[in-house]
2 protein chains.
Amino acid sequence: MKKVRILAVDDHEMTTLGYKFILEDSDFEGFKVQMDTAKSYEEATKRIEEAAKGIPYDILLLDIQLSNPTDGPAKTGEDLGVFARKVSPDSKIVFMSSFSDNYRINSIMQAVDPEGYMVKTEIDQKSLQAMVNTVLNSPPYYTQKALVAIRKKMAQDISLDENDKKILYHLSIGTKTKDMVKFISLSLPGIENRKRQLKSLFGVEKQNDQALITASRNRGFI
Amino acid sequence: MKKVRILAVDDHEMTTLGYKFILEDSDFEGFKVQMDTAKSYEEATKRIEEAAKGIPYDILLLDIQLSNPTDGPAKTGEDLGVFARKVSPDSKIVFMSSFSDNYRINSIMQAVDPEGYMVKTEIDQKSLQAMVNTVLNSPPYYTQKALVAIRKKMAQDISLDENDKKILYHLSIGTKTKDMVKFISLSLPGIENRKRQLKSLFGVEKQNDQALITASRNRGFI
DNA sequence: ATAAAAACCATAGAATTTATATGGTTTTTC
DNA sequence: GAAAAACCATATAAATTCTATGGTTTTTAT
């Protein structure tokens with residue numbers, strides 16, 4: 001019987017073990033699943049590279065949050081996705097995220113364009129099996145909460161440039177406007193002016209930053 | 001038992017009858033379906049308005065192509081969707097389209113933001129039932145081919161302004177560049193220049209219009 | 001094959017948009 | 001209630017995009 005090879009990456013071993021038990025015990029039509037697991041960015045890249053030299057993985061299940069080594073640059077699941085696309089372009093990539101947070105989904109959809117996106121609270125035996133079948137035969141597979149975020153994004157044509165997105169991001173993490181000049185190559189009045197425009201764009205003219213944050217969140221930008 | 005009221009609009013009566021037979025005979029948990037049908041834009045608006053005065057429809061199934069009366073302005077399913085959102089805001093709207101064509105999906109997602117989108121070749125008893133349940137409980141519901149188009153759009157951050165979209169649209173329907181000045185409020189060199197920029201944006205520099213059309217289609221703009 | 005049409009390109013200058021510098025007022029925060 | 005931050009306004013600078021114009025190359029039709 002044909003073998004489908006899947007690599008699951010998550011720093012919680014229980015999670016990857018769960019995937020392994022469920023999928024290796026499942027009855028698929030015409031194939032059996034063989035799972036490998038990895039617990040860190042480094043281990044994952046090694047395995048993906050190694051496999052790509054011979055038979056690449058059919059599916060990569062990537063957790064978005066990966067704990068990082070104390071030294072070295074912090075690497076996210078998104079980075080891993082970008083890496084995997086490059087070295088193993090035929091592998092299907094599925095993100096397993098704890099959050100259905102809009103900002104992250106948008107960013108991953110653009111940086112990696114994965115074949116699947118599952119929100120962890122929605123993962124169970126049935127959805128895992130459906131995901132494997134769909135991703136192999138006719139991607140994409142998104143769970144319901146991911147779809148809600150995607151729909152939100154699709155429903156509007158507002159597209160912000162990098163500076164606008166940075167401003168919203170920094171607002172959302174509490175950076176003071178006057179400090180943003182350190183991260184964004186604009187003058188302070190430039191940033192203030194863009195904030196004004198964003199407020200107007202989102203229909204919260206003459207209101208404070210909290211209103212802008214709420215509006216951006218509702219519209220799926222952060 | 002609770003009754004869920006659905007209006008199906010399609011100028012092919014066989015289609016709406018099919019929906020009716022399937023859904024009225026289905027066993028749903030906790031409710032029964034009662035279907036009305038309409039064959040034209042006019043009939044549909046009347047029924048929706050009428051219902052909205054009392055108990056609005058729970059779900060509206062709208063065909064995108066509606067044949068039009070010989071006189072009067074041509075009305076599409078999209079127009080009907082916009083109308084329905086206004087007069088019956090609590091109704092869930094689901095589009096039933098013959099095509100999975102990107103341009104149309106994008107446009108409908110922005111103009112109406114429907115709770116569901118089904119490509120007709122993918123509709124069967126099971127998907128209809130799933131659609132009703134999903135749309136009522138946790139929208140959205142999109143069939144696989146709709147998802148493919150949506151994914152394509154999400155995967156890129158390129159957003160074109162109205163003029164760019166008009167240029168691409170007119171290119172796709174064969175309008176000559178020199179004639180576009182009649183439809184687009186730009187000078188001819190202006191249009192030419194935007195075409196150049198679009199080609200560069202889509203990675204088909206120094207190529208002809210056909211290449212631009214193909215690229216835009218691949219990226220889901222037309 | 002060739003004439004006509006359309007597409008394509010380049011550039012100077014006009015118009016528009018967006019940024020900055022500066023200095024002020026209002027709102028928040030402690 | 002004082003200090004900090006946010007907010008606003010305006011003049012000027014910079015950057016972008018448009019138009020007008022005139023040309024070259026490619027496509028189309030006979």
*Does any non-hydrogen side-chain atom of B:Tyr19 lie less than 4.5 Å from one of B:Met96?*
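The answer is yes; the side chains approach within 4.5 Å.
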Between B:Pro189 and B:Gln197, the residue closer to the 5' end of DNA chain D by nearest nucleotide is B:Gln197
* OP1 or OP2 of D:dA9 under 4.0 Å from side-chain N/O of A:Arg196 ->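 For D:dA9, OP1/OP2 do not have a side-chain N/O of A:Arg196 under 4.0 Å.
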Looking at B:Thr134 and B:Ala130, would you say the former's side chain and the latter's main chain have a donor-acceptor pair under 3.5 Å?
yes
- [ ] Would you kindly compare A:Asn163 and A:Asn208 by the position of their nearest DNA chain C nucleotide and give the one closer to the 5′ end?
- [x]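 Counting from the 5' end, the first nearest nucleotide belongs to A:Asn163.
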Remember a base hit wins even if backbone is also touched, and classify A:Asp209 as base, sugar-phosphate or nothing at under 4.0 Å, heavy atoms.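 Sugar-phosphate only.
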May I ask you to say what B:Leu186 touches in the nucleic acid, namely base, sugar-phosphate or nothing, with a heavy-atom cut-off under 4.0 Å? sugar-phosphate
Exercise for review: Provide, to the nearest angstrom, the distance between the NZ atom belonging to B:Lys178 and the P atom belonging to D:dT27.
Suggested key: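 Whole-Å distance recorded here is 18 Å.
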Whole-Å distance, B:Glu192 CD to D:dT21 C1', equals 12 Å
**Report entry** ring-ring contact (aromatic ring centres under 6.0 Å, His included) against B:Phe221, all qualifying residues, sequence neighbours excluded
**Finding:**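 Counting only residues at least two positions away or on another chain, B:Phe221 forms a ring-ring contact (aromatic ring centres under 6.0 Å, His included) with B:Phe202.
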Q: Determine whether the side chains of A:Gln110 and A:Asn106 contain a donor N or O and an acceptor N or O closer than 3.5 Å.
A: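 There is no such pair (donor and acceptor under 3.5 Å, judged by atom type) between the side chains of A:Gln110 and A:Asn106.
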Show me the side-chain donor-acceptor pairs of residues 180-189 of chain A shorter than 3.5 Å, one per line, residues at least two apart or across chains.
| unit_1 | atom_1 | unit_2 | atom_2 | d |
| --- | --- | --- | --- | --- |
| A:Ser187 | OG | A:Gly190 | N | 3.2 |

- Salt bridge or not for B:Arg47 and B:Glu43, using N-O below 4.0 Å? yes
How would you give the extent of chain B contacts on DNA chain C, as first and last nucleotide 5' to 3' within a 4.0 Å heavy-atom cut-off?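 Listed 5' to 3', the contact boundaries are C:dA6 to C:dC9.
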